[in-house]
Amino acid sequence: MEIGSPPRRRALRPVLAAAAALVALAAACTGPADGEGGAEQQRAEEGVFDPPTRFDASSGVQIDVGAREDVRLPPLDGEVVYYADEDGLHAHDALDDRELWSAAADQPVHGVRPDGAVLAEIDDRPVVIGAFLTRNPGAGDAVAQERLEVLAVDAGDGEPVWHQELIPSRGGVPDADDVFVVGADDDAVVVSYGTAFAFAPADGARLWADPEVRPEILQDGTVVGWEAGDSPGALTALSARDGAPEWTLWGDDSPEEARPRYAAPMDGGLVLVAREALPSGGREGGEDRGEPPEEDRPSGEPAVEWAAVHTGRGEVAYWPDPVPDQMCRYDEQSLLACWSDGTSTPAVQVYTADTGDLLWREEKLGGGVPTSVRGVWHGLLYADRGLEGSAAGIYSLDFQNDLGLDPGIAPDTTNGVLGLRRGEKGTVTAYPATG
């Protein structure tokens, strides 16, 4: 369902202190002022760099989280990586390379995504909530039966907060990649078990379910997802409180016309979505930039369309200009970067995330040097450079320039404390940020 390497699922509890003082990126490039330590230039608080421009490549900690290119990386909070696997939920301190705790599901896990868990707050208590496809082993005359298990534990020590098992009465067993926690707020914990299920945050009591929606995002009290019926490319929204329908976008498209590919939240009440569609598939849109662009697309050929959609209104805010094999990612702050992912010298476009105004366009990032974009965060773009990605580079999304710095490694995602980079056979390597 997803394209490429999506960013981490955003935790509800902020990773960085809201009052952290940021120092201009230009100052970081020219060296410290008199009396200031260089390592303190971008330091928002002890051990946190916003944004980080250097990682310790010699101190990487490899964690087997089952990471794959088609699912998000697990959530981070400071130096801790939270993830789900066949053994349950885990918290791993990536600076000290030690597991802090683990919490098992009741039944044997039959399928799980590494990002099947989220970090949230319930009654001012940090908790980790995970979703699992489990199977009763069917001992004796009992019949083996798949079910949804949802487990909420204390983020500090892994002690249970609540646990729920559910055998849905409708629909078949979903693919394991469609079982994950979408998000949590004061109204509901929303879970995907192929379709939408909601539970009470305090005790896990079942609230509502909608067999016609495949949920992807919980934002500002609204659940946004794709229709599970005859129009899988239609984007739809429900109330997190009671599951009441709120809006549907592109509802007239047939399965042959559009299929979902990606969805992720942005700030400002927007969601970033992508779907494979025929030309002019998105007929319903917002004002001004509500119609999808058709240039660079062969007539009648489906292509991936990216759009920023208003969560509250169900209208397209804007469409990024298309490029071949397009990938778009939000930098978790104010900018949206899009690039062509199928070339060694990608074309890059950078937009203001709230309005979709084009800031700049570069036809060949890196000039003649082979370049592969890895991730974006807080105004920076991280990339592998050279043959087989032998070097790492950093580019400014604000000023359209190569910073000329060696970050040590180019992470797929970061939170200012750690940089996570996908490896082989389901592993991620966590590198400490040092500057």
Side-chain angles (χ1 to χ4, degrees), residues 8-14 72 75 77 82 84 89 103 105 112-113 115-134 147-155 160-171 174 178-228 235-249 263-267 269-271 273 309-314:
R8 65 180 174 88
R9 188 179 304 282
R10 297 171 60 217
L12 296 182
R13 186 157 60 98
R72 293 175 173 88
D77 186 18
Y82 296 98
L89 293 174
V112 65
R113 284 173 37 156
D115 69 330
V118 300
L119 179 65
E121 277 193 0
I122 296 177
D123 295 331
D124 297 324
R125 181 184 188 182
V127 298
V128 180
I129 310 170
F132 303 86
L133 173 62
T134 64
R147 66 195 64 203
L148 167 66
E149 281 198 48
V150 184
L151 180 62
V153 302
D154 187 282
V161 176
W162 53 261
H163 169 266
Q164 284 289 348
E165 292 187 28
L166 177 65
I167 303 175
S169 58
R170 296 178 58 184
D178 290 327
V179 180
F180 58 94
V181 180
V182 174
D185 62 14
D186 292 340
D187 293 323
V189 174
V190 180
V191 174
S192 170
Y193 186 74
T195 56
F197 292 85
F199 303 86
D203 58 9
R206 183 175 172 181
L207 297 179
W208 55 265
D210 192 320
E212 302 301 324
V213 176
R214 303 176 66 181
E216 292 282 352
I217 298 165
L218 173 58
Q219 185 181 65
D220 300 332
T222 296
V223 181
V224 180
W226 304 98
E227 283 197 7
L235 198 66
T236 190
L238 310 170
S239 166
R241 181 184 297 274
D242 56 14
E246 293 189 350
W247 52 260
T248 297
L249 184 64
M266 298 196 296
D267 292 324
L270 296 175
V271 295
V273 299
V309 176
H310 291 289
T311 307
R313 304 198 301 270

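We use all heavy atoms of the structure for the numbers below, so side chains are in, but hydrogens, waters and symmetry mates are not. All residue numbers refer to positions in the sequence shown, counting from 1.
For the pair Glu216/Val182, no side-chain contact is recorded, criterion being any heavy-atom separation below 4.5 Å from C-beta on. Looking at heavy atoms from C-beta onward, Phe199 lies in side-chain contact with Val150 at the 4.5 angstrom threshold. Residues Tyr82 and Val118 have side chains not in contact (no heavy-atom distance under 4.5 Å, counting atoms from C-beta outward).
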Next on the checklist: Let's go through His310 and Leu270 carefully: what are the C-alpha distance in whole Å and the side-chain angles of both, what is the deciding distance for side-chain contact (heavy atoms from CB on, under 4.5 Å) to 0.1 Å, and is it a yes or a no?
Outcome noted: CA-CA 5 Å; His310 291 289; Leu270 296 175; 3.4 Å; yes
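Distance OH/Tyr193 to CG/Leu166: 8.0 Å, rounded to 0.5 Å. To the nearest 0.5 Å, the span separating CG on Leu151 from CG on Leu89 amounts to 5.0 Å.
Partners of Ala152 by side-chain contact (heavy atoms from CB on, under 4.5 Å), not counting sequence neighbours, listed by chain and number: Ile129, Val161, Trp162. By the salt bridge (Lys or Arg N to Asp or Glu O under 4.0 Å) test, Asp154 pairs with Arg125, sequence neighbours left out. Evaluation of the side-chain contact (heavy atoms from CB on, under 4.5 Å) rule for Leu207 yields Ala188, Ala198, Ala200 as partners, not counting sequence neighbours. Under the rule for a side-chain contact (heavy atoms from CB on, under 4.5 Å), the partners of Thr222 that lie at least two apart in sequence or sit in another chain are Val224, Ala237, Glu246, Thr311. Taking the side-chain hydrogen bond (donor to acceptor under 3.5 Å, both in side chains) definition, one finds that Thr236 meets it with Thr248, sequence neighbours left out. Residues passing the side-chain hydrogen bond (donor to acceptor under 3.5 Å, both in side chains) test with Thr134, sequence neighbours excluded: Glu149. Residues that satisfy the side-chain hydrogen bond (donor to acceptor under 3.5 Å, both in side chains) test with Asp242, not counting sequence neighbours, are Ser239.
Between Pro245 and Leu238, the shortest heavy-atom distance links the atoms CA-CD2, 3.9 Å. Looking at every heavy atom in both residues, Phe180 comes nearest to Pro215 through CZ-O, 3.6 Å. Scanning both residues, Gly269 and Gln219, for their nearest heavy atoms gives C-OE1, 3.7 Å. The nearest pair of heavy atoms linking Ala103 to Val153 is CB-CG1, 3.8 Å. Of all heavy-atom pairs between Thr195 and Pro211, the closest is CG2-O, 3.2 Å. Residues Ala202 and Asp123 come closest through the heavy atom pair CB-OD2, 4.4 Å.
Residue pairs meeting the salt bridge (charged side-chain N to carboxylate O under 4.0 Å, His left out) criterion with at least one member in residues 192-206: none, sequence neighbours excluded. Pairs passing the salt bridge (charged side-chain N to carboxylate O under 4.0 Å, His left out) check and including a residue from residues 187-201, sequence neighbours excluded, read Asp187-Arg241.
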